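All heavy atoms count here, side chains included; hydrogens, waters and symmetry mates do not. Every value quoted in this text rests on a predicted model; they were computed, and no experiment measured them.
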Amino acid sequence: MAVQLRWRLRQVMASREVWTGKELRELLARRANFTLSAPSVYALINNEPVQMKTETLQALCTALRCTPDELYGVRPPREVSLADDPGTNDSPTSR
């Protein structure tokens, strides 16, 4: 099982009392000197990004005064042993 990332921009915004895309755009411009179009901000708020430029992530963190780990909720993979890995075969006959 792979690490799962959950995009939490909306929750981070709410915790900073930023309620609209317009407010986020204003914060990005004022605090990070960064401009995003209204449709781009809307997409970030309402959809989990497939990819993101580092400068956009840095601007969001600067504007919202947060860290990347706050924006991405991380669910680690479950613990597995090598015996659970189908790619390994530790039987005596395989040695």
Side-chain angles (χ1 to χ4, degrees):
M1 173 184 244
V3 171
Q4 294 179 349
L5 299 177
R6 288 185 354 171
W7 185 234
R8 298 176 29 87
L9 177 59
R10 187 183 295 268
Q11 292 90 334
V12 172
M13 288 172 57
S15 72
R16 272 67 171 175
E17 298 188 9
V18 177
W19 305 110
T20 66
K22 181 181 178 189
E23 290 175 320
L24 180 57
R25 288 182 71 214
E26 290 171 357
L27 279 179
L28 284 164
R30 188 172 70 247
R31 291 182 180 168
N33 196 29
F34 191 81
T35 303
L36 274 179
S37 68
S40 294
V41 169
Y42 177 86
L44 284 173
I45 292 171
N46 293 293
N47 304 302
E48 186 166 331
V50 175
Q51 61 184 3
M52 181 181 303
K53 292 182 179 180
T54 303
E55 67 179 334
T56 303
L57 182 59
Q58 289 173 328
L60 286 169
C61 290
T62 299
L64 293 168
R65 297 186 173 140
C66 67
T67 61
D69 62 325
E70 290 175 272
L71 288 173
Y72 281 103
V74 178
R75 183 178 301 151
R78 67 178 178 85
E79 292 294 321
V80 295
S81 71
L82 289 177
D84 294 337
D85 186 357
T88 62
N89 187 353
D90 287 337
S91 68
T93 58
S94 67
R95 293 183 195 165

- prompt: Can you tell if the side chain of Tyr42 reaches within under 4.5 Å of the side chain of Arg25, non-hydrogen atoms only?
  reply: no

query: Does some side-chain heavy atom of Met52 sit less than 4.5 Å from a side-chain heavy atom of Leu60?
result: yes

- prompt: When clusters are formed by joining ILVMFWY residues with side-chain heavy atoms under 4.5 Å apart, either directly or through shared neighbours, do Leu64 and Trp19 land in the same one?
  reply: no

field: Side-chain donor/acceptor of Glu70 to backbone N/O of Cys66, under 3.5 Å
entry: no

- line: On a heavy-atom basis, the closest approach of Asn47 and Trp7 is O-CD1, 3.5 Å

- prompt: Among Val41, Val18, Leu44, whose side-chain contact (heavy atoms from CB on, under 4.5 Å) with Leu9 holds?
  reply: Leu44

- prompt: Got a salt bridge between Glu48 and Arg8, using NZ or NE/NH1/NH2 to carboxylate O under 4.0 Å?
  reply: no

Neighbour count above 12 (heavy atom, 6.0 Å) for Arg6 CZ: no

query: Would Arg16 and Leu27 count as a side chain to side chain contact (heavy atoms under 4.5 Å, CB included) if you check the C-alpha gap in whole Å, the side-chain angles of each, and the deciding distance to 0.1 Å?
result: CA-CA 11 Å; Arg16 272 67 171 175; Leu27 279 179; over 6 Å; no

message: Does any part of the side chain of Thr35, heavy atoms only, come nearer than 4.5 Å to the side chain of Leu28, both counted from C-beta?
response: no

task: Could you tell me whether the side chain of Phe34 reaches within less than 4.5 Å of the side chain of Thr56, counting heavy atoms only?
output: yes

- prompt: Going by heavy atoms in the side chains, are Glu23 and Met13 under 4.5 Å from each other?
  reply: no

message: I'd like to know if the side chain of Thr62 and the backbone of Gln58 have a donor-acceptor N/O pair within less than 3.5 Å.
response: yes

query: Is atom CG of Asn33 surrounded by more than 12 heavy atoms (other residues, nucleotides or ligands) closer than 6.0 Å?
result: no

statement: Smallest heavy-atom separation, Ala59 atom then Ala32 atom, equals O-CB, 3.8 Å

